[in-house]
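Comments concern the structure below.
We number each residue from 1, following the sequence as shown. Quick note: numbers below take in every heavy atom, side chains included, and nothing from hydrogens, waters or symmetry partners.
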Amino acid sequence: MEIGKRIDETIRLGLAPLLKQQGFSKSGRNFHRLSGKAWQVVNVQASQGNSDASGKFTINVGVYVPEVAVLAGQAPIAGKPKEDVHTVRERMGELMPGGADHWWALLPSTDLAVVATSVTQAVTAYGLPWLEAHASVEQVAQALASQPSVMSAAAALAALYAFTSSSSM
């Protein structure tokens with residue numbers, strides 16, 4: 001079986017059911033969930049160096065907040081955003097102990113169910129909590145505060161607006 005099909009089968013065996021249970025919808029190798037006004041995205045990224053017989057993939061998680069994009073001078077994305085269009089994002093390996101980039105390897109002899117379990121455990125332990133920790137514009141602004149940029153300023157402004165709007169009620 002070619003590597004793309006093996007990656008898709010690994011997703012089908014573990015990540016897809018987990019994320020469906022958590023309210024995500026699947027489109028290709030992307031999973032989306034709307035949380036308030038923000039889109040939460042889980043993406044499976046195949047390595048560009050994959051061959052037909054073997055390869056590897058990683059998991060990316062991200063949050064897209066349309067109002068922050070608008071304040072940063074970008075056109076808002078209509079519908080579900082791709083993973084690379086994000087307000088804040090991380091690679092799964094950076095969230096795991098050790099914080100190093102992590103790729104799951106698939107060799108011809110690899111038991112896909114074992115890899116699927118490993119991916120599911122990592123997303124459950126690190127990916128989903130990270131997404132929840134970045135579910136609000138205030139949390140996104142806090143995450144971007146140490147990274148001076150137009151996006152961090154826009155997130156801070158959106159968080160300030162959200163705070164003043166909620167406190168005036």
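At least one donor-acceptor pair closer than 3.5 Å links the side chain of Ser149 to the backbone N or O of Ser152. Between the side chain of Thr110 and the backbone N or O of Leu112, no donor-acceptor pair lies under 3.5 Å. Judged by distance alone, the side chain of Tyr64 and the main-chain N or O of Ile77 form a donor-acceptor pair under 3.5 Å. Between the side chain of Lys26 and the backbone N or O of Gly28, at least one donor-acceptor pair lies under 3.5 Å. Of the possible donor and acceptor atoms, none in the side chain of Glu94 sits under 3.5 Å from a partner among the backbone N and O of Glu90.
Taking CZ from Phe57 and CG from Leu15, the interatomic distance works out to 8.0 Å, rounded to the nearest 0.5 Å. Atoms CD1 and CZ, on Ile11 and Arg6 in that order, are 13.0 Å from each other to the nearest 0.5 Å. Taken from CG in Leu144 to OG1 in Thr87, the straight-line distance is 7.5 Å, to the nearest 0.5 Å. The NZ atom of Lys82 lies 9.5 Å from the NE2 atom of His32; values are rounded to the nearest 0.5 Å. Atom-to-atom distance recorded for Ile59:CD1 and Arg91:CZ is 10.5 Å, nearest 0.5 angstrom. The OG atom of Ser35 sits 6.0 Å away from atom CD of Glu132, with the distance rounded to the nearest 0.5 Å.
When all heavy atoms of Val115 and Ala105 are compared, the pair lying nearest together is CG2-O, 4.2 Å. Of all heavy-atom pairs spanning Val63 and Ala38, the tightest one is CG1-CB, 3.9 Å. The minimum heavy-atom distance between Pro66 and Pro76, with the atom names listed, is CB-CB, 4.5 Å. Between Tyr126 and Leu95, the shortest heavy-atom contact is CD2-O, 3.5 Å. Closest of all the heavy-atom pairs between Ala122 and Met96 is CB-SD, 4.2 Å. Pairing each heavy atom of Val137 with each of Ala158, the nearest pair is CG2-CB, 3.5 Å.
Crowding of Gln142 atom CD: a count of heavy atoms from other residues, nucleotides or ligands under 6.0 Å not exceeding 12.
Looking only at atom types and distance, the side chain of Lys80 has a donor-acceptor partner in the side chain of Ser25 under 3.5 Å away. Using a 3.5 Å distance cut-off with no hydrogens or angles, the side chains of Gln121 and Ser118 do not pair a donor with an acceptor.
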Inset, instruction - Could you go through the side-chain contact (heavy atoms from CB on, under 4.5 Å) check for Ile7 and Asn50 one step at a time? - result: CA-CA 11 Å; Ile7 291 171; Asn50 286 350; 3.8 Å; yes
Run the side-chain contact (heavy atoms from CB on, under 4.5 Å) test on Leu128 and Phe24 for me, step by step, so that the C-alpha distance in whole Å, both residues' side-chain angles and the decisive distance to 0.1 Å come before the verdict. CA-CA 11 Å; Leu128 293 174; Phe24 286 82; 3.9 Å; yes
Q) Where do Arg12 and Glu9 land on the salt bridge (Lys or Arg N to Asp or Glu O under 4.0 Å) test, with the steps shown first? A) CA-CA 5 Å; Arg12 187 190 69 75; Glu9 179 66 8; 2.6 Å; yes
Exercise for review: Please test Trp103 against Gln45 for side-chain contact (heavy atoms from CB on, under 4.5 Å), starting from the C-alpha separation and ending with a verdict.
Suggested key: CA-CA 9 Å; Trp103 292 76; Gln45 177 186 342; 3.9 Å; yes
Between Trp104 and Lys56, is a side-chain contact (heavy atoms from CB on, under 4.5 Å) present by the stated rule, with each step listed? CA-CA 5 Å; Trp104 282 269; Lys56 57 187 178 177; over 6 Å; no
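Considering only heavy atoms from C-beta on, Pro81 comes within 4.5 Å of Val41 through its side chain. Here the side chains of Leu131 and Val42 are in contact, with some heavy-atom distance below 4.5 Å. The shortest distance between side-chain heavy atoms of Met92 and Asn60 does not fall below 4.5 Å.
Residues passing the side chain to side chain contact (heavy atoms under 4.5 Å, CB included) test with Thr124, sequence neighbours excluded: Leu18, Thr120.
A salt bridge links Asp8 with Arg29: the distance from a Lys NZ or Arg NE/NH1/NH2 to an Asp or Glu carboxylate oxygen falls below 4.0 Å.
Hydrophobic clustering of Ile, Leu, Val, Met, Phe, Trp and Tyr side chains at less than 4.5 Å, counting indirect connections, keeps Trp39 apart from Phe31. Clustering ILVMFWY residues whenever any of their side-chain heavy atoms sit less than 4.5 angstrom apart, transitively, puts Leu71 in a cluster other than the one holding Val85.
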